[in-house]
Amino acid sequence: MTDTDRIALAFSGGLDTTVCVPMLEEEYGYDEVVGVTVDVGQPAAEFAEAEATAAALDLQHHVVDGKAEFAELCFDAVRANAAYQGYPLGTALARPVIASAILEVAQREDCAGLAHGCTGKGNDQLRFEAVWRDADMAVVAPIRELGLTRTYEQEYAAERDLPVSGGKEGTYSIDTNLWSRSIEGSELEDPSHVPGEDIYEWTTAPGEATRELAVGFENGYPVSLDGQEMEPVAFVEELNDVAGGYGVGRSDIMEDRMLGLKVRENYEHPAATVLLSAHRALEDLVLTREERAFKRRVDHEWAEKGYQGLVDAPLVRALEAFVETTQTRVTGTVTVRLEGGQARPVGRDSPYAVYEAEASSFDTEAVTGDVEQADATGVAKYHGFQERLANSIIDGQE
Ligand code: ARG
């Protein structure tokens, strides 16, 4: 510990991080806790709760705006079609942004340590510490290190009259940011339990209504909605609102966490669903078959590192170089139909389409240049030659 004896805490005002404040002072001997809340698009009520709790705890409290940086990272993820087991990585991508912002405050405020309220079972402890352990500071995780349970924390908070209210600490454990809303815990921990409508806040149950949207891309980045240019943060907020109204972007998955424990996760991510499906549809038009196939592998690796909170890994930089090369042609517009809770691409247009209607058409004789349909006859004769030969050998052995 340095002479300042101060520690920066990732602070949300929820039960875990509120309990961490007295713990850091009493169990770990820090003189002062500096609470840091990073805005990655949580609802306003969460900031109000964090502010109120910080005031009641007499905590020095910083709020840092990380929305623009986070939205940029989400759009990088769109270029890499990033999803882990069906989850578009909202929480995962937000963590490195939050961790770096907290580290900056800690350095500025001359803190000797960094703390988070994550448990020892989830992914977030790993994502935070991947960023923090690069700095020359102590890293403290009271909930994990002291082996605390939620029930113990509630009793501890009640005994000390800590300001933990209902609000966010309702039935479920919820994590919300621009890119996704995750709902876990309570009866959802039973994978056979069918969740009720009450778990959803961003999406309404899909009905009969439909709507078409035009999503514009430039170099793989989403840039416009129905012809109107938009900045990333506003774009995502607007699209969450619009597509959420059609029940788009719900997922209910069994997710394999980094430590190996499975977790049943429910998510809402309307904007991510629309942008990811539109982006992929545009790639299908402008990339060659081999590029498409190889990019699936690159995308998969990108999403794995994204899930791990390691978007700065050398591997990701290398993958990004490939992504960048392919995305120079991912410019154009995709029409997406919101229908029955789905976002289905129903039209695509790009100046870089690897497509000639004239060549592919069933109504024209010529293919291209002096190539004609009949030229495929030789290819058709060869096709499957090796398979036919191998099968005749296998059949002869039987
Ligand atoms: N399982 C997801 C992840 O690790 C989301 C976790 C969100 N946390 C929560 N308390 N709902 O990225």
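Atoms within a ligand are numbered from 1 in the order they appear, just like the ligands themselves.
- Here the options are E218, E320, H279, the test is side chain to side chain donor-acceptor pair (under 3.5 Å), and the partner is Q327; only H279 passes.
- Of the protein's heavy atoms, Y267 OH, 3.0 Å lies nearest to atom 2 (C) of ligand 1.
- Looking at E25, its side chain never comes within 3.5 Å of a backbone N or O of Y30 through a donor-acceptor pair.
- Nearest protein heavy-atom neighbour of atom 10 (N) of ligand 1: S173 OG, 2.6 Å.
- Every atom of ligand 1 is numbered from 1 in the order shown, and the set under 4.0 Å from a heavy atom of E255 is 1 (N), 2 (C), 3 (C), 4 (O).
- The protein heavy-atom contact nearest to atom 4 (O) of ligand 1 is N123 ND2, 2.7 Å.
- With hydrogens left out, the protein atom closest to atom 6 (C) of ligand 1 is E265 OE2, 3.5 Å, a heavy atom.
- Counting atoms of ligand 1 from 1 in the listed order, those under 4.0 Å from a heavy atom of A92 are 12 (O).
- Remark: R211 fails to qualify as a cation-pi partner of Y246 under the 6.0 Å distance and 45° angle criteria applied to the six-membered ring.
- For atom 11 (N) of ligand 1, the nearest non-hydrogen atom of the protein is S182 OG, 2.7 Å.
- By the 6.0 Å and 45° rule, R127 stacks over the aromatic ring of Y307.
- The proximity of R127 to ligand 1, defined as any non-hydrogen pair under 4.0 Å, is limited to the side chain.
- With K295 as the partner, the side chain to side chain donor-acceptor pair (under 3.5 Å) test is satisfied by one option alone out of H300, E283, E290: E283.
- Residue D175 touches ligand 1 through backbone and side chain together, judged by heavy-atom distances below 4.0 Å.
- A donor-acceptor pair under 3.5 Å is formed between the side chain of E291 and the backbone N or O of T288.
- Near T91, with a cut-off below 4.0 Å to any heavy atom, the atoms of ligand 1 are 5 (C), 7 (C), 12 (O).
- Among Y87, Y84, Y172, the residue whose heavy atom lies closest to atom 12 (O) of ligand 1 is Y87.
- The closest donor-acceptor contact from the side chain of R6 to the backbone of E109 lies under 3.5 Å.
- Both the sub-6.0 Å distance and the 45° axial angle are satisfied by R79 relative to the ring of Y221.
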